[in-house]
Chemist: 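I'd like to ask you about the structure that follows.
Every chain is numbered from 1, with letters handed out A, B, ... down the list of sequences.
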Protein chains: 2
Amino acid sequence: MSTIKDVAKKARVAPSTVSYVLTNSKKITEETRQRVIRAVKELNYVPNGVARSMKSRNTYLIGLLLSDVAHHLSFAIAKGVDEVAFKANYNVIFCNTHNESERESQYIRLLEERQVQGIIVASRRTEELTHTYLKSRQIPIVYANRYEPGESVSCVLVDNEAGGYAATKHLVDLGHRKIGFISGPSGRSSSRDRQRGYEQALHEARIPVDRELIRLGEYSVESGYKAMQQLLELRPTAVFAANDNMAIGAVNCIVESGWRVPEDISVVGYDNSIQSTFVHPALTTVDVPLPQVGEVAARILLDEISGRSATPQSIRVKCNLIVRGSSGPVSQSKG
Amino acid sequence: MSTIKDVAKKARVAPSTVSYVLTNSKKITEETRQRVIRAVKELNYVPNGVARSMKSRNTYLIGLLLSDVAHHLSFAIAKGVDEVAFKANYNVIFCNTHNESERESQYIRLLEERQVQGIIVASRRTEELTHTYLKSRQIPIVYANRYEPGESVSCVLVDNEAGGYAATKHLVDLGHRKIGFISGPSGRSSSRDRQRGYEQALHEARIPVDRELIRLGEYSVESGYKAMQQLLELRPTAVFAANDNMAIGAVNCIVESGWRVPEDISVVGYDNSIQSTFVHPALTTVDVPLPQVGEVAARILLDEISGRSATPQSIRVKCNLIVRGSSGPVSQSKG
DNA sequence: ATGAAAGCGCTAACAA
DNA sequence: TTGTTAGCGCTTTCAT
């Protein structure tokens, strides 16, 4: 590996001159510039970024904390983060924490030693420590797709309330008035927000919120199935589930009970998961633009790194309703 | 940020002594060791990895080239790579090439400047240049889940032939003798190998390979459907598709034609994709252990980096047959 | 317009 | 056992 000195020698200039040429940081006569360029080519010289970082004190490196509980979600965020980082000449260090606090703190330590200039946390809640620690270390941090109570840190979230509203409004617009809701595990903000949107859409349509029509699920197909069994007794004409898997469970239950989707009961899910397109009928659902979450998070982080933005900001990315076969107008016989 | 000098001053020792303590690289009296440890704690000292890399000439960094054509595949590999890397104190730089050669070479350049100690390529074939370039740069490289002709480089592949064999053998064992095969796009080695396994299983069972029973698909649901339409005329009792999506298309076609799966026709897919569990009946399929591919690739790379292994090796990871509802014994009426 | 030299934070050979 | 010192490859101030 040749160094800047080798290039300098070959071009018969001082190392500093090579540096000036390579970074365009000073006026250099065209002739010497050419000599340097030629020497660089002949030696296949590639500058040593480690040495450069050492001097300049910035590494152009950011850390990305992910978990592997949901593969495709993590990758989608990572893709968005890398997209923005790459364009700004940053690179992303991939950290799969498994949602284990032990591992999370080990990664944090490694990242800190590496002098990363910022960290994006897209793993689920683990150590509260992490947050305060990074704050004390003055390392810029942005949470992606993770709600962080308190206003002292930037986070990029999905607008689940608007998504829940859109899903429910869609059903209302189709003439439904008796619309069930299957929630995720209690305490999950994603589900809570979707439910809030559901209730808001009902309010707007002057449909009273019936607590009986709201059932607790836990994001699994089975839990959706069970919740639907209970809901069926109340004869809703439509159901909105807080995620696709529960919606699929609901559809299974409806079909096995002898009803049709969407003719008898419409079903809407959430997530626009792969499986939502493979069931029959394909699910009407709400798409969560995770790459965009990653992009926005990276943009905020880079702004904080460069000092362009000092105050933490909280951004919500819009979700899009995807209408497919599982939702339709309320049937006349029941309307 | 405090430096090693600050710690040295506070502990009233020389910087080198601090270094010795921190790296356990020399005998130090317990007393001074404690003084150093205490100073480190009080100052919240974290060593600067950039400076350390500068001296030691190793960065403990590897690059991972991925593409986003199939999210979950890429993430699965990345997870495996990171698992092994993390345990060896390495970190992984995430590079999403989009399978664009332009971007790939930009990443290569960035990684080279960063002095990464090795690169794992899990993106699809793009620039032939990349390979020869990295070779010339003496940067260790391992291909993951990507076939690389020539023996001059390590690669970790999935044993698709054994997988295809297992899938077909499973059908043979169930009594089937007229087994169709739906291939992927011609030229894709993954499909070719699966087909080879299919043919081998037939040979072993002394079932002649009937070219009519082999149909060209292109890995999409629709192509599986179309291929099945043609196959149906030949009345096979079972079909093995080179991936799950085509298998799902085949099932759709079979059911719409009035036959039942698996009672009339058994179907086996490949990939163990999410959707394979969401169709009815759930697909019998072949699981591709991509995290393991990533792990093995990382292990080989680290071996090459440390000089433990010099000769390129080619490893094939075993796939596992997952038996679900879409395959069953050949029906008596037809047998 | 170019060169000389200091120094980023650390490690390691050598000295004491 | 501990300290002194040189130097990794680069950038940048200051001098020429």
Chemist: B:Asn48 side chain: which of C:dC10, C:dA1, C:dC14 is closest?
Modeler: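 Nearest listed nucleotide: C:dC10.
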Chemist: How close or far is atom P of C:dG9 from atom CE of B:Met1, stated in whole angstroms?
Modeler: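 After rounding, the gap between these two atoms is 11 Å.
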Chemist: For B:Tyr20 and C:dG9, what is the distance between atoms OH and C1' respectively, to the nearest whole Å?
Modeler: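 Result: 15 Å.
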Chemist: Heavy atoms only, 4.0 Å cut-off, all strands: where does A:Val13 land among base, sugar-phosphate and nothing?
Modeler: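 Sugar-phosphate: the residue A:Val13, judged by heavy atoms under 4.0 Å, touches backbone atoms but no base.
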Chemist: Using whole Å, what does the distance between atom P of nucleotide C:dA12 and atom CG of B:Asn24 come to?
Modeler: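 Value for this atom pair: 13 Å.
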Chemist: 5'-most contact on DNA chain D: A:Val46 or B:Lys26, nearest heavy atom basis?
Modeler: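 Per heavy-atom nearest nucleotide, the more 5' residue is B:Lys26.
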Chemist: State plainly whether the residues A:Glu31 and A:Arg35 are in salt-bridge range, i.e. N to O under 4.0 Å.
Modeler: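 Result for this pair is yes, salt bridge flagged.
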Chemist: Taking the side chain as every heavy atom from C-beta outward, state whether B:Val81 and B:Val293 have any atom pair closer than 4.5 Å.
Modeler: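 Not in contact.
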Chemist: Using a 6.0 Å cut-off, check whether atom CD of B:Glu30 has over 12 heavy atoms from anything other than its own residue.
Modeler: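 Atom CD in B:Glu30 is crowded, with more than 12 foreign heavy atoms closer than 6.0 Å.
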Chemist: Pick the closest DNA chain D nucleotide for B:Ile28 and for B:Arg57 by heavy atoms, then say which residue is nearer the 5' end.
Modeler: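 Result: B:Ile28.
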Chemist: What contact category does A:Ser19 fall into here, base, sugar-phosphate, or nothing, at under 4.0 angstrom with non-hydrogen atoms?
Modeler: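 Base contact.
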Chemist: Calculate the interatomic distance between B:Ile4 atom CD1 and C:dC8 atom P; express it in whole Å.
Modeler: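 Value for this atom pair: 14 Å.
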Chemist: With sugar-phosphate meaning primed atoms plus P, OP1 and OP2, does A:Ser25 contact a base, only sugar-phosphate, or nothing at under 4.0 Å between heavy atoms?
Modeler: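 Nothing, no nucleic acid heavy atom in range.
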Chemist: Carefully, step by step, assess B:Ser123 and B:Arg146 under the rule side-chain contact (heavy atoms from CB on, under 4.5 Å).
Modeler: CA-CA 8 Å; B:Ser123 48; B:Arg146 163 170 165 178; 4.1 Å; yes
Chemist: Tell me the side-chain hydrogen bond (donor to acceptor under 3.5 Å, both in side chains) pairs involving residues 106-115 of chain A, sequence neighbours left out?
Modeler: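 For residues 106-115 of chain A: A:Arg103-A:Tyr107, A:Tyr107-B:Asp82, A:Arg109-A:Glu113, A:Glu112-A:Tyr133, A:Glu112-A:Arg137, A:Arg114-B:Asn91.
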Chemist: Report which part of the nucleic acid A:Ser16 touches: base, sugar-phosphate, or nothing (heavy-atom distance under 4.0 Å, all strands).
Modeler: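 Base, at least one base atom sits under 4.0 Å.
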Chemist: Step through the shown structure and confirm whether more than 12 heavy atoms of other residues, nucleotides or ligands are within 6.0 Å of OH on A:Tyr60.
Modeler: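 Incorrect, the count does not exceed 12.
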Chemist: Rounded off to whole Å, could you give me the CZ-to-C1' distance for the A:Arg33 and C:dT2 pair?
Modeler: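 Interatomic distance, CZ of A:Arg33 to C1' of C:dT2: 16 Å.
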Chemist: With a 3.5 Å cut-off and heavy atoms only, can you find an N or O donor on one side and an acceptor on the other between the side chain of B:Tyr45 and the base of C:dG9?
Modeler: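 By the distance-only test, no, there is no pair.
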Chemist: For A:Glu31 and C:dA1, what is the distance between atoms CD and P respectively, to the nearest whole Å?
Modeler: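 Rounded to the whole Å, the gap is 13 Å.
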Chemist: Under 4.0 Å: is that the gap between some side-chain N or O of B:Arg52 and OP1 or OP2 of C:dT11?
Modeler: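 True: B:Arg52 side-chain N/O within range (under 4.0 Å) of C:dT11 OP1/OP2.
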Chemist: Taking the six-membered ring for Trp and the full ring for Phe, Tyr or His, determine whether the centres of B:Phe75 and B:Phe94 are under 6.0 Å apart.
Modeler: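 Between B:Phe94 and B:Phe75, which both carry aromatic rings, the centre distance is not below 6.0 Å.
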Chemist: What are the bounds, 5' to 3', of the part of DNA chain D that sits under 4.0 Å from heavy atoms of chain B?
Modeler: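 For DNA chain D, the relevant span reads D:dT1 to D:dG9.
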Chemist: So what does B:Thr23 hit on the nucleic acid, given a heavy-atom distance under 4.0 Å: a base, only sugar-phosphate, or nothing?
Modeler: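 Contact class for B:Thr23: sugar-phosphate only.
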